Amino acid sequence: MKLRNWLHLNIFPKILVTMLVVAIAPLSAIWYIDYRSSVAQLETSIDQRLGDASDKLVDQVNAWVTMNLKALNQNAALPDMLSMDPKRQNPILITLVNEYNWALRVFTTALDGHTLGKSDDAPVIDYSDRIYFKQVMGGAPMGKQVIISRVTGKPAVVLAAPIKKPDSSSGTKTLIGMIAMTLHITDISEAITKQRIGRTGFAFLLDEEGKVVAHQKEEYAIKSADFNKHPAYLGRPDQGAKRLLYEDNGKRVIAYVQKTTPGWILVTQQDYEEAYAPIREANRKALILLGVTLILVTVIAYWFSERMAKPIRNLTRVADEMSHGKLAVRIVEVDRKDEIGALASAIDRMGQSIRIAIERISAKSSPRV
């Protein structure tokens, strides 16, 4: 039915619509292909920007933990440390505090968790309920726990390592205690909180349980806010990195979530609106250009269609008049040098032929005097 209606249309709308389709279809296709290409390039750029920031911060965290754990392991292997004699251990522990200005306290414990050696004059404490102590006693090469320091009132990290005594006869090592160091994380925290990605992008660090270790909002870090329901924590990867899209405080966010060597979760995120603003701006300009082009093409198509349809309508009128006996009709299109001019000349010759034929018939049928 629609095709039948289309076929019954006059030639002018047919020419106009055909020209518009022929002109606009490729323009629309080019715009769409360019739009998809721009989106793909921008997504790659966003991933690279967030990923690079995440990789840099993760490397800093991993290097910091590795450095401190190496210091613990090196000192745990010293003869004075293996003696498990607090009088021989204390000088080593005090040296560690003096050497590492981010170390708040260093201490050792026996297998029951009670303090042996220590870098300060704190009383004997039972650490058997601490997470890091349980990890080391369970055979882990490193124990760790994020705490709020009683000295600074800010987040601190306790790193712990086993003290193992070599057995020369069997070639194995026997666990005899634990060495631990309480570290303030000012340097790591500053590196994370100062990270900026555009106007809205930032980074934050969570521990394994989703507690805030470092965040641009200091109150979150001081209170060790619980982010275990945060989309970044819930969507964290088992290992490596992962790209996420989620809602945060009513705003759509694009984020890069990555696990560190200690198992903490580093998040770099940016508001979706800002991240994709270049695409929206480029798309807006492209649509304006497409709209202007559409108007221009429509005007040209209308003018050209009218130029094509008008002489055809005139020739149709002339042919219709000829069919009614009006042969003395001037055809202006005969001066054209194209196919329409050829058609006009043919109709003009046909009119002349009809006139001549009529004149001859009239002459034959006239009575002779």
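Keep in mind that this is a model prediction, so the values were computed, not measured.
- Annotation: side chain of Q269 is in contact with side chain of F202 (closest heavy-atom distance under 4.5 Å).
- V213 and L104 are members of different hydrophobic clusters when ILVMFWY side chains are connected at heavy-atom separations under 4.5 Å.
- Atom CD of E218 has 12 or fewer heavy atoms from other residues, nucleotides or ligands within 6.0 Å.
- Residues M142 and I265 do not share a hydrophobic cluster, clusters being chains of Ile/Leu/Val/Met/Phe/Trp/Tyr side chains in contact below 4.5 Å.
- Of the possible donor and acceptor atoms, none in the side chain of N228 sits under 3.5 Å from a partner among the backbone N and O of G210.
- Between the CG atom in N62 and the OG1 atom in T260 there is a gap of 5.5 Å [rounded to 0.5 Å].
- Here the closest heavy-atom approach between residue A160 and residue M178 is recorded as CB-SD, 3.7 Å.
- Put simply, the side chain of E43 reaches to within 4.5 Å of the side chain of Y276, judged on heavy atoms.
- For the pair R199 (side chain) and R196 (backbone), a donor-acceptor distance under 3.5 Å is absent.
- Atom CD of Q239 sits in a sparse spot, with 12 or fewer heavy atoms from other residues, nucleotides or ligands closer than 6.0 Å.
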Stepwise side-chain contact (heavy atoms from CB on, under 4.5 Å) check, D187 with W64: CA-CA 9 Å; D187 292 342; W64 184 81; 5.5 Å; no
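- Atom CD of Q258 sits about 8.0 Å away from atom CG of D59, to the nearest 0.5 Å.
- Looking at heavy atoms from C-beta onward, T200 lies in side-chain contact with E274 at the 4.5 angstrom threshold.
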Intermediate values then yes/no, side-chain contact (heavy atoms from CB on, under 4.5 Å), I179 and L93: CA-CA 9 Å; I179 180 172; L93 303 179; 4.0 Å; yes
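- Annotation for L111 and F133: closest pair O-CZ, 3.3 Å, computed over non-hydrogen atoms.
- Hydrophobic clustering places L159 together with I163 (ILVMFWY residues linked when any side-chain heavy atoms are closer than 4.5 Å, directly or through intermediates).
- Residue Q195 holds its CD atom at 9.5 Å from OG of S54, rounded to the nearest 0.5 Å.
- Here the closest heavy-atom approach between residue N73 and residue A161 is recorded as OD1-CB, 3.4 Å.
- The aromatic rings of H230 and F204 sit perpendicular to each other, their planes meeting at more than 60°, with 30° as the lower class boundary.
- Between the K144 side chain and the P262 main chain, a donor and an acceptor come within less than 3.5 Å of each other.
- Using modelled atom types, one side-chain atom of T193 and one backbone atom of S189 make a donor-acceptor pair closer than 3.5 Å.
- A 6.0 Å sphere centred on NZ of K259 holds more than 12 heavy atoms belonging to other residues, nucleotides or ligands.
- Linking Ile, Leu, Val, Met, Phe, Trp and Tyr whenever their side-chain heavy atoms come within less than 4.5 Å leaves L205 and V212 in two separate clusters.
- A continuous path of hydrophobic side-chain contacts links V61 to L72 [ILVMFWY only; heavy atoms under 4.5 Å].
- Checked by atom type and distance alone, the side chain of T108 pairs as donor or acceptor with a backbone atom of G117 at under 3.5 Å.
- When side chains are defined from C-beta on, L183 counts as touching N68, because their heavy atoms get closer than 4.5 Å.
- Contact annotation: the side chain of V257 approaches that of P237 to within less than 4.5 Å [non-hydrogen atoms, C-beta and beyond].
- Y132 and G143 make their closest contact through CB-C, 3.7 Å (heavy atoms, listed as atom of the first residue, atom of the second, distance).
- Put simply, CD1 on I185 and CD1 on I192 are 7.5 Å apart, with the number rounded to the nearest 0.5 Å.
- Of the candidates D80, L78, L116, Q89 forms a side chain to side chain contact (heavy atoms under 4.5 Å, CB included) with just one, namely L116.
- Contact record, L175 with P162: CD1-CB, 3.5 Å, taken as the closest heavy-atom pair.
- The ring pair (Phe, Tyr, Trp, His ring centres under 6.0 Å) check on Y220 picks up H215, F227, with sequence neighbours excluded.
- Residues K165 and I176 approach most closely at CB-CD1, 3.9 Å, considering heavy atoms.
- Summarising the local packing, CD of E247 is surrounded by more than 12 heavy atoms from other residues, nucleotides or ligands at distances under 6.0 Å.
- Atom CZ of residue R236 and atom CG of residue L266 lie 14.5 Å apart, to the nearest 0.5 angstrom.
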Audit row: L96, N75, side-chain contact (heavy atoms from CB on, under 4.5 Å) steps and yes/no: CA-CA 9 Å; L96 276 173; N75 286 277; 3.4 Å; yes
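- A 4.5 Å side-chain heavy-atom check between I147 and T182 finds at least one atom pair inside the cut-off.
- S119 places a side-chain N or O within 3.5 Å of a backbone atom of V106 that can act as its donor or acceptor partner.
- Between the side chain of T95 and the backbone N or O of P91, at least one donor-acceptor pair lies under 3.5 Å.
- Side chain of D271 to main chain of E273: no donor-acceptor pair is present (N/O by atom type, distance under 3.5 Å, no hydrogens or angles).
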Pair W102-T186, side-chain contact (heavy atoms from CB on, under 4.5 Å): steps then yes or no: CA-CA 8 Å; W102 54 86; T186 303; over 6 Å; no
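- Counting heavy atoms from C-beta on, the side chains of V65 and W264 come closer than 4.5 Å.
- Contact annotation: the side chain of R130 approaches that of I125 to within less than 4.5 Å [non-hydrogen atoms, C-beta and beyond].
- A donor-acceptor contact shorter than 3.5 Å is absent between the side chain of S45 and the backbone of Q41.
- Side chain of Q145 to main chain of I131: a donor-acceptor pair is present (N/O by atom type, distance under 3.5 Å, no hydrogens or angles).
- From T268, atom OG1 reaches atom CD1 of I197 across 5.0 Å, with rounding to the nearest 0.5 Å.
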